[in-house]
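Quick note on labels: first sequence line is chain A, next is B, and so on, each numbered from 1. Note that these values count all heavy atoms, side chains included, but never hydrogens, waters or copies made by symmetry.
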There are 2 protein chains.
Amino acid sequence: MDPITRRKYDSRARVIKAMGHGTRLFLVDELSRGERCVCELQELVGADMSTISKHLAVLREAGIVRDEKRGNQVFYSLRCPCVLNFFACVESVMQTSATQAVELAR
Amino acid sequence: MDPITRRKYDSRARVIKAMGHGTRLFLVDELSRGERCVCELQELVGADMSTISKHLAVLREAGIVRDEKRGNQVFYSLRCPCVLNFFACVESVMQTSATQAVELAR
DNA sequence: GAAGTATTTGGCTATATTGCCAAGTGGCCA
DNA sequence: TGGCCACTTGGCAATATAGCCAAATACTTC
């Protein structure tokens with residue numbers, strides 16, 4: 001694989017990788033219902049606020065979410081709602097795996 | 001987040017995470033054009049065969065690809081082609097980021 | 001300006017991932 | 001059986017990631 005191609009796939013992978021974490025996937029799912037401030041998200045996840053902030057930074061740097069400061073709060077929202085399409089596909093991957101596991105067990 | 005919910009998002013994330021690597025993304029893209037044996041993929045990527053094999057194992061364990069041994073070769077193919085939909089979304093995320101970067105620079 | 005709230009950043013340790021080499025496995029053919 | 005080929009597995013070192021605490025920043029309100 002030549003360096004140009006490699007870079008192309010690496011940069012695409014960076015976006016996907018940003019979604020590849022349980023907490024961040026949850027954050028994306030929650031943001032699909034509308035913008036949320038960090039403290040609301042922290043409440044929902046139940047981790048340290050610094051942890052949530054760092055996860056949100058990963059999503060922001062990947063271009064998946066946008067942040068907007070209002071007063072002393074920061075509101076996050078989805079920038080590309082198409083990432084929600086991942087969920088359906090993931091479900092079908094897991095479904096297929098489960099189905100095959102059952103069939104193998106017979 | 002309660003343990004059940006956490007597990008749900010963690011297992012979904014595992015599938016997405018499997019795609020979150022440049023080489024694996026390339027493998028998926030290549031497999032979208034049809035089944036390939038490990039040595040063909042190795043040729044294309046240009047890494048050690050053991051490295052390719054391990055990447056394929058990650059994709060297989062995530063349920064994204066299937067392997068089939070024929071003779072002394074192992075052929076891999078996509079099990080859930082819906083993962084290809086990720087590409088279009090990733091492009092649009094990167095497009096949006098790039099657009100915004102340009103606008104901020106003005 | 002001081003104090004309070006919301007968030008980010010720095011720094012650290014624990015853990016996970018990556019990629020190579022070497023060794024093991026299984027099928028094919030002489 | 002012996003050797004070869006395709007592939008997987010084990011093991012290791014380098015690097016990246018996760019999550020906590022503490023400290024810094026930013027905004028608001030008094």
Visitor: Please list residues of residues 8-42 of chain B whose heavy atoms come under 4.0 Å from any atom in DNA chain C, ordered by number; otherwise none.
Guide: B:K17, B:H21, B:R24
Visitor: Could you tell me whether the side chains of B:R6 and A:T23 share a donor-acceptor contact shorter than 3.5 Å?
Guide: yes
Visitor: Pairs in or reaching into residues 60-98 of chain A: which pass disulfide (SG to SG under 2.5 Å), with residues at least two apart or in two chains?
Guide: A:C82-B:C89, A:C89-B:C82
Visitor: Just by modelled atom types, is the B:C37 backbone N or O under 3.5 Å from a matching donor or acceptor in the B:E40 side chain?
Guide: yes
Visitor: Given 3.5 Å as the limit, does a donor-acceptor pair link the side chain of A:S32 with the main chain of A:D29, or not?
Guide: yes
Visitor: So, does A:E68 use its side chain to make a donor-acceptor pair with the main chain of A:Y76 at under 3.5 Å?
Guide: no
Visitor: If the cut-off is 4.0 Å, is A:S53 near the phosphate of C:dT7, judged by side-chain N/O to OP1 or OP2?
Guide: no
Visitor: Is the side chain of B:S97 donor-acceptor paired with the backbone N or O of B:V93 at a distance under 3.5 Å, no angle test?
Guide: yes
Visitor: Chain A on DNA chain D: first and last contacting nucleotide, 5' to 3', under 4.0 Å to a heavy atom?
Guide: D:dT17 to D:dT28
Visitor: Test of understanding: with salt bridge (Lys or Arg N to Asp or Glu O under 4.0 Å), list the residues that count as partners of A:R7, not counting sequence neighbours.
Guide: none
Visitor: Classify B:F75 by what it touches in the nucleic acid, base, sugar-phosphate, or nothing, heavy-atom distance under 4.0 Å.
Guide: nothing
Visitor: Expressed in angstrom and rounded to an integer, what is the separation of A:Y76 atom OH from C:dA6 atom P?
Guide: 15 Å
Visitor: Expected output is a numbered-order residue list: members of residues 55-71 of chain A with a heavy atom under 4.0 Å from any atom of DNA chain C. What is it?
Guide: none
Visitor: Distances for protein N/O vs nucleotides 10-13 of chain C N/O pairs under 3.5 angstrom?
Guide:
unit_1, atom_1, unit_2, atom_2, d
C:dG10, O6, A:K54, NZ, 3.1
C:dG11, O6, A:K54, NZ, 2.4

Visitor: For the pair B:R60 (side chain) and B:V65 (backbone), establish whether a donor and an acceptor sit closer than 3.5 Å, ignoring hydrogens and angles.
Guide: no
Visitor: Take the protein atom CG of A:N72 and the nucleotide atom P of C:dA6, then report the distance between them rounded to whole Å.
Guide: 6 Å
Visitor: Show the nearest heavy-atom pair for residues A:L78 and A:R66, with the distance to one decimal.
Guide: O-NH2, 3.3 Å
Visitor: Keeping A:T99 on the side-chain end and A:Q95 on the backbone end, is there a donor-acceptor pair under 3.5 Å?
Guide: yes
Visitor: For the hydrophobic clusters of this structure (ILVMFWY residues joined by side-chain heavy atoms under 4.5 Å, transitively), does one cluster hold both B:I64 and A:M94?
Guide: yes
Visitor: Does the ring of A:F87 carry B:R12 above it, NZ/CZ under 6.0 angstrom from centre and within 45° of its axis?
Guide: no
Visitor: If we ignore hydrogens and angles and just use 3.5 Å, is the side chain of B:E30 paired with the main-chain N or O of B:L41 as donor and acceptor?
Guide: no
